[in-house]
Peer 1: 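I have a structure I would like to understand better, so I am pasting it below and will then ask my questions one at a time.
On a predicted model such as this, the values are computed, not experimentally measured, just so you know. Letters A, B, ... are given to chains in the order of the sequence lines, protein chains preceding strands, and every chain is numbered from 1.
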Amino acid sequence: MNKMDEEYIKKQLKNMPKVNDDRTKEEWIERVQPYKYKRERTRKKSPKMIPILSTVLLIGMMVLIIPTIIQEPSSVQEQTSSTHYDDHQVDQKANVDQQLKSAARNEEVTEHKEGEYVMFDLHGDEQVVYGGIFDQQVQYIIPLAFVSSEDHSLSELYTELDSYIDEFDLASKIPYFKDTAFSINMDEKNVTMHVPDDYSIGEGSAVQGKFEEMLSRIFYPYEIDQVLLESSNGSPVTLGKKGELDSITVHEPVNENYKLYDDETHDQRFMVPMNQEDKTFAEAIEDLKNDEQDYSIQNTIPQDVDVTVTCESEESCSIQFQDTVAELPEQDLIVAVESILMTAKSYGFDEVAFKGIPNDAIGSYNLSEPITVPLAVNPIYTNEE
Amino acid sequence: MDYVFEELYEKYHQDLFQFVFYLTRDRTLTEDLVQEVYIRVMRSYNSFRGESSEKTWLFSIARNVTIDYFRAQKRKNNLVTQFFDWSKKGDFIPDHKPLPEEVAIKNEESQEMYAYLEKCTVDQRSVLILRFIQSLSIKETAAILGFSESKVKTTQHRGLKVLKTHIESDHLKGEAYDE
(Lines give C-alpha, C1' and ligand atoms only; values in the text may rest on other atoms or scores of the structure.)
Protein backbone atom coordinates (compact mmCIF):
# COMPACT_ATOMS: atom_id res chain seq x y z
CA MET A 1 0.00 0.00 0.00
CA ASN A 2 1.54 3.26 -1.01
CA LYS A 3 1.61 6.32 1.18
CA MET A 4 -0.98 8.18 -0.88
CA ASP A 5 -3.53 5.37 -0.57
CA GLU A 6 -2.95 5.19 3.14
CA GLU A 7 -3.34 8.93 3.62
CA TYR A 8 -6.54 8.93 1.55
CA ILE A 9 -8.07 6.18 3.68
CA LYS A 10 -7.01 7.86 6.91
CA LYS A 11 -8.58 11.10 5.70
CA GLN A 12 -11.82 9.33 4.86
CA LEU A 13 -11.89 7.72 8.30
CA LYS A 14 -11.30 11.06 9.97
CA ASN A 15 -14.23 12.45 8.01
CA MET A 16 -16.62 9.80 9.26
CA PRO A 17 -19.58 11.47 10.94
CA LYS A 18 -19.94 11.89 14.65
CA VAL A 19 -22.59 9.56 15.97
CA ASN A 20 -24.37 11.17 18.89
CA ASP A 21 -26.56 9.72 21.54
CA ASP A 22 -29.76 11.68 21.87
CA ARG A 23 -30.74 10.39 25.31
CA THR A 24 -30.39 12.80 28.19
CA LYS A 25 -28.13 12.40 31.19
CA GLU A 26 -31.20 11.93 33.38
CA GLU A 27 -32.37 9.04 31.22
CA TRP A 28 -28.96 7.42 31.62
CA ILE A 29 -29.01 7.87 35.36
CA GLU A 30 -32.38 6.13 35.41
CA ARG A 31 -30.97 3.27 33.37
CA VAL A 32 -27.86 2.81 35.46
CA GLN A 33 -29.07 3.54 38.98
CA PRO A 34 -30.99 0.29 39.66
CA TYR A 35 -28.01 -1.86 38.73
CA LYS A 36 -25.33 -0.05 40.65
CA TYR A 37 -24.90 -2.62 43.38
CA LYS A 38 -26.41 -5.66 41.75
CA ARG A 39 -23.99 -8.53 41.46
CA GLU A 40 -22.49 -8.77 38.07
CA ARG A 41 -22.33 -12.51 37.84
CA THR A 42 -23.52 -15.20 40.17
CA ARG A 43 -21.07 -17.95 40.70
CA LYS A 44 -21.51 -20.69 43.22
CA LYS A 45 -19.30 -20.06 46.19
CA SER A 46 -16.49 -22.36 46.99
CA PRO A 47 -17.22 -23.88 50.44
CA LYS A 48 -13.94 -22.56 51.82
CA MET A 49 -14.89 -19.02 50.79
CA ILE A 50 -18.02 -18.91 52.96
CA PRO A 51 -16.30 -18.83 56.38
CA ILE A 52 -13.77 -16.29 55.12
CA LEU A 53 -16.46 -13.98 53.80
CA SER A 54 -18.58 -14.39 56.90
CA THR A 55 -15.61 -13.50 59.06
CA VAL A 56 -14.86 -10.43 56.97
CA LEU A 57 -18.48 -9.36 57.19
CA LEU A 58 -18.61 -9.97 60.94
CA ILE A 59 -15.43 -7.97 61.55
CA GLY A 60 -16.85 -5.17 59.38
CA MET A 61 -20.07 -5.11 61.39
CA MET A 62 -18.16 -5.13 64.70
CA VAL A 63 -15.94 -2.28 63.60
CA LEU A 64 -19.12 -0.36 62.86
CA ILE A 65 -21.13 -1.32 65.92
CA ILE A 66 -18.54 -1.25 68.75
CA PRO A 67 -17.69 2.45 68.48
CA THR A 68 -21.42 3.20 68.35
CA ILE A 69 -21.99 1.28 71.61
CA ILE A 70 -19.07 3.00 73.31
CA GLN A 71 -20.22 6.44 72.22
CA GLU A 72 -23.90 5.90 72.88
CA PRO A 73 -24.22 7.57 76.36
CA SER A 74 -22.60 10.79 75.24
CA SER A 75 -24.55 10.71 72.01
CA VAL A 76 -27.79 10.48 73.92
CA GLN A 77 -26.77 13.37 76.18
CA GLU A 78 -25.96 15.48 73.21
CA GLN A 79 -29.30 14.84 71.60
CA THR A 80 -31.45 17.89 72.09
CA SER A 81 -34.21 16.92 69.75
CA SER A 82 -35.77 13.80 68.33
CA THR A 83 -35.02 15.06 64.85
CA HIS A 84 -31.35 15.04 65.62
CA TYR A 85 -31.66 11.46 66.83
CA ASP A 86 -33.47 10.45 63.66
CA ASP A 87 -30.75 12.01 61.57
CA HIS A 88 -28.20 10.07 63.54
CA GLN A 89 -30.14 6.87 62.88
CA VAL A 90 -30.43 7.66 59.21
CA ASP A 91 -26.69 8.32 59.02
CA GLN A 92 -25.97 5.14 60.88
CA LYS A 93 -28.23 3.15 58.58
CA ALA A 94 -26.57 4.74 55.59
CA ASN A 95 -23.23 3.72 57.04
CA VAL A 96 -24.39 0.14 57.53
CA ASP A 97 -25.78 0.05 54.02
CA GLN A 98 -22.54 1.43 52.69
CA GLN A 99 -20.57 -1.10 54.70
CA LEU A 100 -22.68 -3.96 53.41
CA LYS A 101 -22.42 -2.73 49.88
CA SER A 102 -18.73 -2.38 50.30
CA ALA A 103 -18.54 -5.91 51.70
CA ALA A 104 -20.57 -7.13 48.76
CA ARG A 105 -18.16 -5.43 46.38
CA ASN A 106 -15.19 -6.93 48.20
CA GLU A 107 -16.82 -10.32 47.97
CA GLU A 108 -17.25 -9.78 44.27
CA VAL A 109 -13.59 -8.95 43.86
CA THR A 110 -12.55 -12.01 45.85
CA GLU A 111 -14.89 -14.22 43.94
CA HIS A 112 -13.64 -12.99 40.63
CA LYS A 113 -10.02 -13.72 41.26
CA GLU A 114 -9.53 -14.95 37.77
CA GLY A 115 -6.64 -14.12 35.57
CA GLU A 116 -6.62 -13.08 31.97
CA TYR A 117 -5.15 -16.33 30.70
CA VAL A 118 -5.20 -18.57 33.75
CA MET A 119 -7.61 -19.87 36.37
CA PHE A 120 -6.93 -20.65 40.00
CA ASP A 121 -9.95 -22.32 41.51
CA LEU A 122 -12.98 -24.35 40.72
CA HIS A 123 -16.20 -23.07 42.18
CA GLY A 124 -18.93 -25.32 43.54
CA ASP A 125 -19.56 -28.25 41.25
CA GLU A 126 -17.37 -27.11 38.39
CA GLN A 127 -15.16 -29.63 36.61
CA VAL A 128 -12.39 -29.06 34.11
CA VAL A 129 -12.14 -30.76 30.76
CA TYR A 130 -8.64 -30.24 29.47
CA GLY A 131 -8.54 -29.89 25.73
CA GLY A 132 -6.33 -28.44 23.08
CA ILE A 133 -6.09 -26.99 19.63
CA PHE A 134 -3.21 -26.16 17.34
CA ASP A 135 -1.78 -22.87 16.26
CA GLN A 136 -2.29 -21.97 12.61
CA GLN A 137 0.95 -23.60 11.52
CA VAL A 138 0.50 -26.73 13.64
CA GLN A 139 3.69 -26.03 15.51
CA TYR A 140 2.27 -25.79 18.99
CA ILE A 141 -0.53 -27.31 20.99
CA ILE A 142 -2.61 -24.65 22.67
CA PRO A 143 -3.92 -26.12 25.92
CA LEU A 144 -7.45 -25.19 26.92
CA ALA A 145 -9.45 -25.73 30.08
CA PHE A 146 -13.18 -26.01 29.53
CA VAL A 147 -14.85 -25.32 32.84
CA SER A 148 -18.28 -26.87 33.16
CA SER A 149 -20.77 -27.13 35.98
CA GLU A 150 -23.11 -29.37 34.04
CA ASP A 151 -24.39 -32.32 35.99
CA HIS A 152 -22.39 -34.89 34.04
CA SER A 153 -19.61 -37.32 34.82
CA LEU A 154 -16.11 -36.42 33.77
CA SER A 155 -16.29 -39.13 31.08
CA GLU A 156 -19.42 -37.53 29.65
CA LEU A 157 -17.83 -34.11 29.71
CA TYR A 158 -14.70 -35.34 27.92
CA THR A 159 -16.96 -36.92 25.32
CA GLU A 160 -18.23 -33.39 24.68
CA LEU A 161 -14.71 -32.16 23.93
CA ASP A 162 -15.17 -31.96 20.19
CA SER A 163 -18.44 -30.08 20.55
CA TYR A 164 -16.81 -27.61 22.96
CA ILE A 165 -14.04 -26.91 20.46
CA ASP A 166 -16.67 -26.52 17.77
CA GLU A 167 -19.05 -24.44 19.87
CA PHE A 168 -16.43 -21.91 20.81
CA ASP A 169 -15.35 -21.64 17.21
CA LEU A 170 -11.76 -22.16 18.17
CA ALA A 171 -9.23 -21.75 15.46
CA SER A 172 -7.35 -24.64 13.91
CA LYS A 173 -9.89 -27.32 14.60
CA ILE A 174 -8.56 -30.82 14.84
CA PRO A 175 -10.28 -34.08 14.12
CA TYR A 176 -8.77 -35.95 17.06
CA PHE A 177 -11.94 -36.04 19.11
CA LYS A 178 -14.60 -36.15 16.44
CA ASP A 179 -17.19 -38.83 17.18
CA THR A 180 -15.11 -40.18 20.03
CA ALA A 181 -16.28 -41.08 23.53
CA PHE A 182 -14.27 -41.46 26.70
CA SER A 183 -14.63 -43.76 29.70
CA ILE A 184 -12.40 -42.58 32.50
CA ASN A 185 -11.40 -45.07 35.17
CA MET A 186 -9.72 -43.11 37.94
CA ASP A 187 -9.04 -46.22 40.04
CA GLU A 188 -7.18 -47.95 37.21
CA LYS A 189 -5.71 -44.65 36.07
CA ASN A 190 -6.72 -45.28 32.50
CA VAL A 191 -9.09 -43.89 29.92
CA THR A 192 -10.75 -45.84 27.15
CA MET A 193 -11.09 -43.76 24.03
CA HIS A 194 -13.91 -45.17 21.91
CA VAL A 195 -13.43 -44.27 18.26
CA PRO A 196 -15.51 -44.93 15.14
CA ASP A 197 -14.39 -47.61 12.69
CA ASP A 198 -13.20 -45.06 10.16
CA TYR A 199 -11.39 -42.97 12.79
CA SER A 200 -8.65 -40.75 11.44
CA ILE A 201 -6.36 -38.27 13.15
CA GLY A 202 -6.10 -36.09 10.10
CA GLU A 203 -3.60 -35.56 7.37
CA GLY A 204 -0.08 -34.32 7.83
CA SER A 205 2.75 -35.70 9.87
CA ALA A 206 2.73 -32.75 12.26
CA VAL A 207 -0.88 -33.38 13.28
CA GLN A 208 -0.29 -37.12 13.53
CA GLY A 209 2.95 -36.68 15.46
CA LYS A 210 1.31 -34.60 18.14
CA PHE A 211 -1.50 -37.01 18.89
CA GLU A 212 0.26 -38.59 21.87
CA GLU A 213 1.27 -35.21 23.22
CA MET A 214 -2.31 -34.01 22.98
CA LEU A 215 -3.64 -37.01 24.89
CA SER A 216 -0.95 -36.56 27.54
CA ARG A 217 -1.85 -32.91 27.95
CA ILE A 218 -5.54 -33.54 28.41
CA PHE A 219 -5.27 -36.51 30.77
CA TYR A 220 -2.05 -35.96 32.71
CA PRO A 221 -3.72 -33.45 35.06
CA TYR A 222 -6.02 -36.27 36.18
CA GLU A 223 -3.02 -38.55 36.77
CA ILE A 224 -4.09 -40.94 34.03
CA ASP A 225 -1.34 -43.33 32.96
CA GLN A 226 -2.73 -44.82 29.81
CA VAL A 227 -5.28 -44.22 27.06
CA LEU A 228 -6.75 -47.44 25.65
CA LEU A 229 -7.99 -47.16 22.09
CA GLU A 230 -11.11 -49.08 21.15
CA SER A 231 -12.95 -49.04 17.84
CA SER A 232 -16.66 -49.77 17.69
CA ASN A 233 -16.21 -53.07 15.82
CA GLY A 234 -13.26 -54.19 17.92
CA SER A 235 -10.76 -53.96 15.09
CA PRO A 236 -7.35 -52.40 15.77
CA VAL A 237 -7.14 -48.65 15.51
CA THR A 238 -4.84 -47.37 12.78
CA LEU A 239 -3.39 -43.94 13.40
CA GLY A 240 -1.76 -42.61 10.24
CA LYS A 241 1.92 -43.33 10.03
CA LYS A 242 1.89 -44.72 13.54
CA GLY A 243 0.11 -47.80 12.28
CA GLU A 244 -2.07 -49.99 14.47
CA LEU A 245 -2.22 -49.04 18.13
CA ASP A 246 -4.23 -50.31 21.08
CA SER A 247 -2.97 -47.94 23.76
CA ILE A 248 -1.00 -44.77 24.29
CA THR A 249 1.04 -43.97 27.38
CA VAL A 250 0.41 -40.63 29.02
CA HIS A 251 3.64 -38.73 29.67
CA GLU A 252 4.40 -35.92 32.04
CA PRO A 253 4.97 -32.78 29.99
CA VAL A 254 8.60 -31.62 29.85
CA ASN A 255 9.59 -28.29 31.41
CA GLU A 256 7.99 -25.45 29.50
CA ASN A 257 7.58 -21.73 29.56
CA TYR A 258 4.47 -19.90 28.45
CA LYS A 259 4.30 -17.20 25.82
CA LEU A 260 1.47 -15.46 24.08
CA TYR A 261 0.06 -16.80 20.84
CA ASP A 262 -1.75 -14.06 18.97
CA ASP A 263 -4.00 -15.42 16.28
CA GLU A 264 -4.77 -12.20 14.44
CA THR A 265 -6.93 -14.00 11.91
CA HIS A 266 -9.37 -15.28 14.49
CA ASP A 267 -8.83 -12.50 17.00
CA GLN A 268 -7.93 -15.02 19.64
CA ARG A 269 -5.05 -14.96 22.09
CA PHE A 270 -3.84 -17.83 24.19
CA MET A 271 -0.90 -18.73 26.37
CA VAL A 272 1.12 -21.44 24.72
CA PRO A 273 3.68 -23.74 26.32
CA MET A 274 7.10 -23.77 24.66
CA ASN A 275 9.53 -26.60 25.19
CA GLN A 276 12.32 -25.68 27.63
CA GLU A 277 13.66 -29.18 28.14
CA ASP A 278 17.19 -29.08 29.61
CA LYS A 279 16.85 -25.41 30.56
CA THR A 280 16.84 -24.15 34.13
CA PHE A 281 13.89 -22.20 35.48
CA ALA A 282 15.92 -18.99 35.34
CA GLU A 283 16.78 -19.65 31.70
CA ALA A 284 13.15 -20.39 30.91
CA ILE A 285 12.13 -17.08 32.49
CA GLU A 286 14.83 -15.23 30.56
CA ASP A 287 13.56 -16.89 27.38
CA LEU A 288 10.15 -15.27 27.94
CA LYS A 289 11.73 -12.15 26.44
CA ASN A 290 12.08 -13.81 23.05
CA ASP A 291 9.25 -13.85 20.58
CA GLU A 292 8.84 -15.87 17.42
CA GLN A 293 7.20 -13.61 14.93
CA ASP A 294 7.05 -16.28 12.25
CA TYR A 295 4.67 -18.29 14.40
CA SER A 296 2.78 -15.33 15.90
CA ILE A 297 4.34 -16.06 19.29
CA GLN A 298 4.89 -12.94 21.39
CA ASN A 299 7.23 -12.52 24.30
CA THR A 300 5.60 -11.93 27.65
CA ILE A 301 8.46 -9.96 29.20
CA PRO A 302 9.79 -7.06 27.14
CA GLN A 303 13.44 -7.29 26.10
CA ASP A 304 14.43 -4.25 28.14
CA VAL A 305 12.94 -5.47 31.41
CA ASP A 306 15.52 -7.15 33.62
CA VAL A 307 14.43 -9.93 35.91
CA THR A 308 16.36 -11.90 38.50
CA VAL A 309 15.19 -15.32 39.57
CA THR A 310 15.86 -16.64 43.07
CA CYS A 311 14.53 -19.99 44.18
CA GLU A 312 14.37 -20.36 47.94
CA SER A 313 13.12 -23.94 47.90
CA GLU A 314 11.68 -26.57 45.61
CA GLU A 315 8.25 -25.11 46.18
CA SER A 316 8.86 -21.41 46.04
CA CYS A 317 10.81 -18.88 44.04
CA SER A 318 10.87 -15.14 43.64
CA ILE A 319 11.13 -12.91 40.61
CA GLN A 320 12.76 -9.55 41.10
CA PHE A 321 11.91 -6.97 38.43
CA GLN A 322 14.22 -4.02 37.87
CA ASP A 323 13.21 -0.37 37.53
CA THR A 324 12.29 -0.63 33.86
CA VAL A 325 9.14 -2.55 34.72
CA ALA A 326 7.54 0.63 36.06
CA GLU A 327 6.84 1.82 32.55
CA LEU A 328 4.86 -1.24 31.54
CA PRO A 329 1.09 -0.92 31.15
CA GLU A 330 -0.89 -2.99 33.65
CA GLN A 331 -2.13 -5.34 30.96
CA ASP A 332 1.43 -6.25 29.98
CA LEU A 333 2.31 -6.81 33.63
CA ILE A 334 -0.59 -9.19 34.05
CA VAL A 335 0.55 -11.17 31.01
CA ALA A 336 4.11 -11.27 32.39
CA VAL A 337 2.94 -12.42 35.82
CA GLU A 338 0.67 -15.11 34.41
CA SER A 339 3.25 -16.47 32.01
CA ILE A 340 5.77 -16.64 34.86
CA LEU A 341 3.24 -18.39 37.09
CA MET A 342 2.47 -21.00 34.43
CA THR A 343 6.19 -21.48 33.76
CA ALA A 344 6.76 -21.94 37.49
CA LYS A 345 3.96 -24.51 37.59
CA SER A 346 5.62 -26.45 34.79
CA TYR A 347 8.86 -26.48 36.78
CA GLY A 348 7.04 -27.84 39.81
CA PHE A 349 6.90 -24.70 41.96
CA ASP A 350 3.85 -24.05 44.10
CA GLU A 351 4.12 -20.29 44.45
CA VAL A 352 5.98 -17.29 43.14
CA ALA A 353 6.82 -14.02 44.87
CA PHE A 354 6.98 -10.94 42.63
CA LYS A 355 9.23 -8.10 43.70
CA GLY A 356 10.05 -4.73 42.24
CA ILE A 357 6.66 -4.05 40.64
CA PRO A 358 5.71 -0.56 41.88
CA ASN A 359 2.06 -1.37 42.52
CA ASP A 360 1.19 -4.39 44.60
CA ALA A 361 -2.24 -4.63 43.05
CA ILE A 362 -2.40 -5.40 39.37
CA GLY A 363 -5.59 -6.81 37.92
CA SER A 364 -6.92 -9.20 40.53
CA TYR A 365 -3.45 -9.96 41.90
CA ASN A 366 -2.06 -8.84 45.21
CA LEU A 367 1.68 -8.94 44.67
CA SER A 368 2.54 -8.09 48.25
CA GLU A 369 2.28 -11.83 48.92
CA PRO A 370 3.50 -14.85 46.95
CA ILE A 371 1.01 -16.03 44.34
CA THR A 372 0.02 -19.67 44.10
CA VAL A 373 0.51 -21.17 40.66
CA PRO A 374 -2.69 -21.48 38.60
CA LEU A 375 -4.81 -24.55 38.20
CA ALA A 376 -5.00 -24.28 34.43
CA VAL A 377 -4.26 -22.07 31.47
CA ASN A 378 -6.63 -20.65 28.86
CA PRO A 379 -9.90 -21.30 30.72
CA ILE A 380 -13.16 -21.25 28.82
CA TYR A 381 -16.33 -21.19 30.91
CA THR A 382 -18.84 -23.31 29.05
CA ASN A 383 -21.91 -22.30 31.00
CA GLU A 384 -21.60 -18.56 30.78
CA GLU A 385 -24.03 -16.56 28.75
CA MET B 1 -21.05 7.82 43.62
CA ASP B 2 -23.49 9.64 41.35
CA TYR B 3 -21.04 12.49 40.89
CA VAL B 4 -18.63 9.97 39.37
CA PHE B 5 -21.22 8.99 36.82
CA GLU B 6 -22.08 12.58 36.08
CA GLU B 7 -18.48 13.57 35.62
CA LEU B 8 -17.72 10.66 33.33
CA TYR B 9 -20.91 11.31 31.44
CA GLU B 10 -20.13 14.96 30.89
CA LYS B 11 -16.59 14.32 29.79
CA TYR B 12 -16.79 11.18 27.72
CA HIS B 13 -20.33 10.01 27.04
CA GLN B 14 -20.62 11.00 23.40
CA ASP B 15 -17.18 9.60 22.55
CA LEU B 16 -17.95 6.42 24.44
CA PHE B 17 -21.27 6.04 22.68
CA GLN B 18 -19.66 6.63 19.30
CA PHE B 19 -16.89 4.10 19.97
CA VAL B 20 -19.33 1.35 20.89
CA PHE B 21 -21.65 2.29 18.06
CA TYR B 22 -18.96 2.02 15.40
CA LEU B 23 -18.01 -1.38 16.83
CA THR B 24 -21.53 -2.77 16.92
CA ARG B 25 -23.28 -0.68 14.24
CA ASP B 26 -26.51 -0.97 16.15
CA ARG B 27 -27.93 1.91 18.16
CA THR B 28 -30.13 -0.12 20.48
CA LEU B 29 -27.37 -2.58 21.19
CA THR B 30 -25.00 0.33 21.78
CA GLU B 31 -27.36 1.73 24.40
CA ASP B 32 -27.47 -1.62 26.18
CA LEU B 33 -23.72 -2.04 26.10
CA VAL B 34 -23.02 1.52 27.22
CA GLN B 35 -25.41 0.93 30.10
CA GLU B 36 -23.39 -2.15 31.04
CA VAL B 37 -20.20 -0.09 30.79
CA TYR B 38 -21.54 2.44 33.28
CA ILE B 39 -22.72 -0.30 35.62
CA ARG B 40 -19.26 -1.86 35.63
CA VAL B 41 -17.68 1.55 36.08
CA MET B 42 -19.87 2.38 39.08
CA ARG B 43 -19.11 -0.95 40.68
CA SER B 44 -15.40 -0.81 40.20
CA TYR B 45 -14.64 2.90 40.45
CA ASN B 46 -13.27 2.42 43.97
CA SER B 47 -10.63 0.09 42.59
CA PHE B 48 -9.60 2.54 39.88
CA ARG B 49 -6.13 3.50 40.94
CA GLY B 50 -5.50 6.23 38.46
CA GLU B 51 -2.60 4.43 36.81
CA SER B 52 -4.20 4.95 33.46
CA SER B 53 -6.24 7.99 32.60
CA GLU B 54 -9.91 7.94 33.40
CA LYS B 55 -10.68 7.96 29.72
CA THR B 56 -8.40 5.02 28.98
CA TRP B 57 -9.95 3.09 31.83
CA LEU B 58 -13.49 3.84 30.66
CA PHE B 59 -12.80 2.90 27.06
CA SER B 60 -11.01 -0.30 28.13
CA ILE B 61 -14.15 -1.31 29.96
CA ALA B 62 -16.24 -0.40 26.91
CA ARG B 63 -14.06 -2.52 24.71
CA ASN B 64 -14.24 -5.46 27.13
CA VAL B 65 -18.00 -5.19 27.42
CA THR B 66 -18.37 -5.19 23.65
CA ILE B 67 -16.02 -8.13 23.16
CA ASP B 68 -17.79 -10.02 25.95
CA TYR B 69 -21.05 -9.41 24.14
CA PHE B 70 -19.64 -10.68 20.86
CA ARG B 71 -18.29 -13.79 22.53
CA ALA B 72 -21.51 -14.50 24.41
CA GLN B 73 -23.45 -14.16 21.20
CA LYS B 74 -21.10 -16.49 19.43
CA ARG B 75 -21.59 -19.14 22.06
CA LYS B 76 -25.30 -18.60 22.25
CA ASN B 77 -26.14 -19.16 18.70
CA ASN B 78 -24.14 -21.13 16.24
CA LEU B 79 -26.26 -19.72 13.46
CA VAL B 80 -24.46 -16.45 13.83
CA THR B 81 -21.06 -18.08 13.94
CA GLN B 82 -20.21 -16.53 10.60
CA PHE B 83 -20.82 -13.12 12.04
CA PHE B 84 -18.23 -13.73 14.67
CA ASP B 85 -15.81 -15.71 12.61
CA TRP B 86 -13.75 -12.59 12.55
CA SER B 87 -11.53 -13.75 9.78
CA LYS B 88 -14.35 -14.46 7.36
CA LYS B 89 -17.27 -12.35 8.25
CA GLY B 90 -16.43 -9.69 5.74
CA ASP B 91 -16.86 -12.18 2.97
CA PHE B 92 -19.97 -13.84 4.25
CA ILE B 93 -22.11 -11.35 6.03
CA PRO B 94 -23.89 -8.73 4.07
CA ASP B 95 -24.73 -5.81 6.28
CA HIS B 96 -28.50 -5.46 6.12
CA LYS B 97 -28.75 -2.85 8.84
CA PRO B 98 -29.90 0.51 7.56
CA LEU B 99 -27.27 3.19 7.49
CA PRO B 100 -27.42 5.37 10.57
CA GLU B 101 -28.77 8.81 9.79
CA GLU B 102 -25.45 10.47 10.49
CA VAL B 103 -23.77 8.32 7.84
CA ALA B 104 -26.67 8.32 5.39
CA ILE B 105 -26.53 12.07 4.99
CA LYS B 106 -22.77 12.07 4.38
CA ASN B 107 -21.09 11.64 1.04
CA GLU B 108 -20.72 8.36 -0.82
CA GLU B 109 -17.14 7.88 0.35
CA SER B 110 -18.20 7.94 3.99
CA GLN B 111 -20.99 5.48 3.33
CA GLU B 112 -18.55 3.16 1.57
CA MET B 113 -16.01 3.48 4.35
CA TYR B 114 -18.70 2.63 6.90
CA ALA B 115 -19.48 -0.53 4.95
CA TYR B 116 -15.82 -1.44 4.50
CA LEU B 117 -15.10 -1.10 8.21
CA GLU B 118 -17.31 -4.13 8.72
CA LYS B 119 -14.81 -6.16 6.71
CA CYS B 120 -12.09 -5.62 9.31
CA THR B 121 -11.55 -7.81 12.34
CA VAL B 122 -12.77 -6.47 15.64
CA ASP B 123 -9.21 -5.63 16.67
CA GLN B 124 -8.54 -3.81 13.42
CA ARG B 125 -11.83 -1.94 13.65
CA SER B 126 -11.14 -0.99 17.26
CA VAL B 127 -7.77 0.46 16.31
CA LEU B 128 -9.10 2.33 13.27
CA ILE B 129 -12.03 3.79 15.22
CA LEU B 130 -9.86 4.94 18.10
CA ARG B 131 -7.03 6.24 15.97
CA PHE B 132 -8.92 8.05 13.24
CA ILE B 133 -12.56 8.51 14.18
CA GLN B 134 -11.80 9.26 17.82
CA SER B 135 -8.39 10.82 17.04
CA LEU B 136 -6.54 9.09 19.87
CA SER B 137 -2.80 8.67 19.90
CA ILE B 138 -1.07 5.33 19.41
CA LYS B 139 -0.19 5.33 23.09
CA GLU B 140 -3.78 5.94 24.19
CA THR B 141 -5.07 3.33 21.77
CA ALA B 142 -2.54 0.81 23.06
CA ALA B 143 -3.56 1.49 26.65
CA ILE B 144 -7.25 1.06 25.89
CA LEU B 145 -6.87 -2.14 23.92
CA GLY B 146 -4.18 -3.61 26.14
CA PHE B 147 -1.87 -3.82 23.14
CA SER B 148 1.75 -2.86 22.83
CA GLU B 149 2.31 0.25 20.73
CA SER B 150 3.92 -1.85 18.02
CA LYS B 151 0.88 -4.09 17.94
CA VAL B 152 -1.34 -1.05 17.47
CA LYS B 153 0.81 0.01 14.51
CA THR B 154 0.69 -3.46 12.97
CA THR B 155 -3.05 -3.82 13.49
CA GLN B 156 -3.62 -0.34 12.10
CA HIS B 157 -1.58 -1.17 9.03
CA ARG B 158 -3.47 -4.42 8.49
CA GLY B 159 -6.80 -2.68 8.95
CA LEU B 160 -5.96 0.03 6.44
CA LYS B 161 -4.86 -2.66 4.03
CA VAL B 162 -8.18 -4.46 4.36
CA LEU B 163 -10.00 -1.21 3.60
CA LYS B 164 -7.79 -0.54 0.62
CA THR B 165 -8.37 -4.03 -0.77
CA HIS B 166 -12.11 -3.59 -0.63
CA ILE B 167 -12.03 -0.09 -2.03
CA GLU B 168 -9.97 -1.29 -4.99
CA SER B 169 -12.04 -4.38 -5.50
CA ASP B 170 -15.29 -2.41 -5.59
CA HIS B 171 -13.82 0.20 -7.89
CA LEU B 172 -12.66 -2.50 -10.28
CA LYS B 173 -16.14 -4.00 -10.27
CA GLY B 174 -17.55 -0.54 -10.94
CA GLU B 175 -15.26 -0.02 -13.90
CA ALA B 176 -16.13 -3.43 -15.33
CA TYR B 177 -19.81 -2.56 -14.96
CA ASP B 178 -19.32 0.76 -16.75
CA GLU B 179 -17.63 -0.94 -19.65
Peer 1: Which value, rounded to the nearest 0.5 Å, describes the distance between A:Asp262 atom CG and B:Thr155 atom OG1?
Peer 2: 7.5 Å
Peer 1: Under the side chain to side chain contact (heavy atoms under 4.5 Å, CB included) rule, collect the residues that match up with A:Gln12, sequence neighbours excluded.
Peer 2: A:Tyr8, B:Glu109, B:Met113
Peer 1: Would you give the length of the straight line joining atom CZ of B:Phe132 to atom CD1 of A:Ile9, rounded to the nearest 0.5 angstrom?
Peer 2: 9.5 Å
Peer 1: Would you indicate whether B:Lys139, at its atom NZ, is surrounded by more than 12 heavy atoms from other residues, nucleotides or ligands within a distance under 6.0 Å?
Peer 2: no
Peer 1: Distance check, rounded to the nearest 0.5 Å: B:His157 atom NE2 versus A:Glu6 atom CD?
Peer 2: 7.0 Å
Peer 1: Could you give the distance from NZ (A:Lys18) to CZ (B:Phe21), rounded to the nearest 0.5 Å?
Peer 2: 13.5 Å
Peer 1: Side chain of B:Tyr38, backbone of A:Val32: donor and acceptor closer than 3.5 Å?
Peer 2: no
Peer 1: Is it the backbone or the side chain of B:Tyr116 that comes under 4.5 Å from a heavy atom of chain A, or both, or neither?
Peer 2: neither
Peer 1: Closest heavy-atom contact between A:Leu13 and B:Leu117?
Peer 2: CD2-CD2, 4.1 Å
Peer 1: Give me the contact list for residues 10-17 of chain B versus chain A, heavy atoms only, anything under 4.5 Å, ordered by residue number.
Peer 2: B:Glu10, B:His13, B:Gln14, B:Phe17
Peer 1: Atom OH of residue position A:Tyr295 - does it have more than 12 heavy atoms of other residues, nucleotides or ligands inside 6.0 Å?
Peer 2: no
Peer 1: Carefully, step by step, assess A:Arg269 and B:Asp123 under the rule side chain to side chain contact (heavy atoms under 4.5 Å, CB included).
Peer 2: CA-CA 12 Å; A:Arg269 280 182 216 103; B:Asp123 274 353; 2.9 Å; yes
Peer 1: Is there a side-chain contact between A:Lys10 and B:Leu163, using heavy atoms and a 4.5 Å cut-off?
Peer 2: no
Peer 1: Would a 4.5 Å heavy-atom cut-off, applied to side chains only, mark B:Gln35 and A:Trp28 as touching?
Peer 2: yes
Peer 1: Taking the side chain as every heavy atom from C-beta outward, state whether B:Leu128 and A:Met16 have any atom pair closer than 4.5 Å.
Peer 2: no
Peer 1: Between B:Glu31 and A:Asp21, is any pair of side-chain heavy atoms under 4.5 Å apart?
Peer 2: yes
Peer 1: As a quick check of understanding, evaluate side chain to side chain contact (heavy atoms under 4.5 Å, CB included) for A:Gln331 and B:Leu145, giving each step before the final call.
Peer 2: CA-CA 9 Å; A:Gln331 189 62 29; B:Leu145 301 179; over 6 Å; no
Peer 1: Going from OG on B:Ser150 to CD on A:Gln298, what distance comes out if it is rounded to the nearest 0.5 angstrom?
Peer 2: 7.5 Å
Peer 1: In Å and rounded to the nearest 0.5 Å, what is the CZ to NZ distance from B:Arg131 to A:Lys14?
Peer 2: 7.5 Å
Peer 1: Check A:Val19 against B:Arg27 and note the closest heavy-atom contact, atom names and distance.
Peer 2: CG1-NH2, 3.7 Å
